[in-house]
Amino acid sequence: MSIEEIFERYVESKIFKDREKLLPDYVPEELPHRDEQILKLASILAPALRGSRPSNVFIYGLTGTGKTAVTKYVLRKMKEKAPQTVEYAYINCRQNNTSYRVLAELAKHVGVKIPFTGLALGEVMKRLLQGLERRRYVLIVVLDEIDNLVKRQGDDVLYFLTRVNENLSSSKVSLIGITNDLKFTEFLDARVKSSLGEEELVFPPYSAAQLEDILRRRAKEALHEGVVDDEVLRRVAAIAARQNSDCRLALDILLKAADIADREGASRITLEHVEKARNEIEKNLAVDIIKTMPLHVKLVLASIYLLSRSDSARMITTGLIYDKYKELVGKVGIEPVTSRRVSDIINELDMTGIINAKVISLGRYGRTKVVSLGVPARNVEEGLMSDLILRSLIENMEE
DNA sequence: AATCCACAGGAAGTGCTGGGCG
DNA sequence: CGCCCAGCACTTCCTGTGGATT
């Protein structure tokens, strides 16, 4: 296929009308099945329109339940209504996962320049305060995936932000904390907890039927007519429903399936396209994470991988992993990290979902963690193989 | 009922990076 | 220039513990 043909095919796609409408950060004009949450959030935040400080809000809900979309949607509407008095700052705490970065990001919204490293935290807070004082508005700060911040750094920043109004006369600050960890508040200082949780909002998962409805509406915007039928939509909805009813995943699969169909030059999306899309998403997720892991993390993962294929009956425990890891490290000729560190690495891997780890007690034979792979072994292999050191290591072991 | 294994995982500290500020 | 800052990857030292075996 020539380059012209590829471009030509893309320009006059038989599948897409407007591909952007399926991208993850697109917020549609209507958010079906979230009316209750929209109205509640709007009524909580409404005082900002008159220039008074709304209550802080805490939003719970699993991934892909529309928390971020609803929040952005409501704030956008408010800003349209009162562009002079209302301002909002959306900060994702997964990307900005340190106290410093969150404050620096916030300062940027207020128009204060903060270098990305070097300053003392207290200094950043001072400058942020000065910046806020120069303004006259209600600033609504959205801290998305806030659990990432608190678990790693503690709640110092939150404490500062909940009390920031005491030091301000012209501007006001409200907080919206979003998390998908329902037990999150346990980590919080009591004062922060009560202040942040002035209002709470829970986002229940979508039902399969609701997912299907959302998909149908979105497909209408993004795809040409007749490209998907109900059977395909139902299938996508069913897959997502099994995964905690994650709507983002549902849209992701639909997009990928549409991409595959488009690339093949098909005129409709079939169940096979959906199946391929699902596999590809699953694979990419794992492979991408593995590729970017630091060396020792890869080595630990390689140990688990090798153990799981050598003796499938044997339970894989921390001690076994550490022995294998030392063996691998020896072959490469680098110094091993301590077992304490490996224990942390196993936990890190567990959090990504690439492995599953569970503490169990073997009675007399101690207390340990049993580990298993959380994704297909070939995906792990593919991820590890992209690293030259790991590649030669694994190929040697297989002989 | 007591013991004791094989770790789990907390606390504190080190050395390094990449940057301030005066 | 010298000193300070935050963050990260890691070490050192440590206390805690579920439950099969004695």
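By convention in this document, chain letters (A, B, ...) are assigned in the order of the sequence lines, proteins followed by strands, and residues within each chain are numbered from 1.
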Quiz prompt | Among C:dT12, B:dA8, C:dG7, the one nearest A:T338 by side-chain distance | solution =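 Nearest nucleotide to the side chain: C:dT12.
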Exercise. Take A:G118 and A:R340, find for each the nucleotide of DNA chain B with the closest heavy atom, and name the residue whose nucleotide sits nearer the 5' end.
Key: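 Between the two, 5'-proximity favours A:R340.
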Practice problem: For A:N347 and for A:F116, locate the closest nucleotide of DNA chain B by heavy-atom distance; then report the residue assigned to the nucleotide nearer the 5' terminus. | Solution: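 Mapping each residue to its closest nucleotide by heavy atoms, the 5'-most match is A:N347.
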Practice problem: Indicate, with a heavy-atom threshold strictly under 4.0 Å, whether A:S339 touches base, sugar-phosphate, or nothing. | Solution: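 Nothing, no nucleic acid heavy atom in range.
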Quiz item: So what does A:L121 hit on the nucleic acid, given a heavy-atom distance under 4.0 Å: a base, only sugar-phosphate, or nothing?
Solution: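 Here A:L121 touches the backbone only, sparing every base.
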Self-check item: Check: A:R101 side chain, C:dG7 base, donor-acceptor under 3.5 Å
Solution: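 No pair found.
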Quiz prompt | Contact under 4.0 Å: A:T117 side-chain N or O vs B:dG20 OP1/OP2 | solution =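 No, no such contact exists.
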Quiz item: Taking only side-chain nitrogens and oxygens of A:R127, does any of them come within less than 4.0 Å of OP1 or OP2 of B:dC21?
Solution: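 For B:dC21, OP1/OP2 do have a side-chain N/O of A:R127 under 4.0 Å.
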Practice problem: Check step by step if salt bridge (Lys or Arg N to Asp or Glu O under 4.0 Å) holds for A:R309 and A:E381. | Solution: CA-CA 11 Å; A:R309 66 163 20 191; A:E381 188 182 320; 3.8 Å; yes
Quiz item: Mapping A:P336 and A:Y365 to their closest nucleotides on DNA chain C, which lands nearer the 5' end?
Solution: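 Between the two, 5'-proximity favours A:P336.
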To the nearest Å, how far apart are [X] [atom1] and [N] [atom2]?
X	N	atom1	atom2	value
A:L103	B:dG20	CG	C1'	16 Å
A:Y322	C:dT11	OH	P	8 Å
A:N97	C:dC8	CG	C1'	11 Å

Quiz item: Taking it one step at a time, do A:Y88 and A:H109 satisfy side chain to side chain donor-acceptor pair (under 3.5 Å)?
Solution: CA-CA 8 Å; A:Y88 68 90; A:H109 273 277; over 6 Å; no
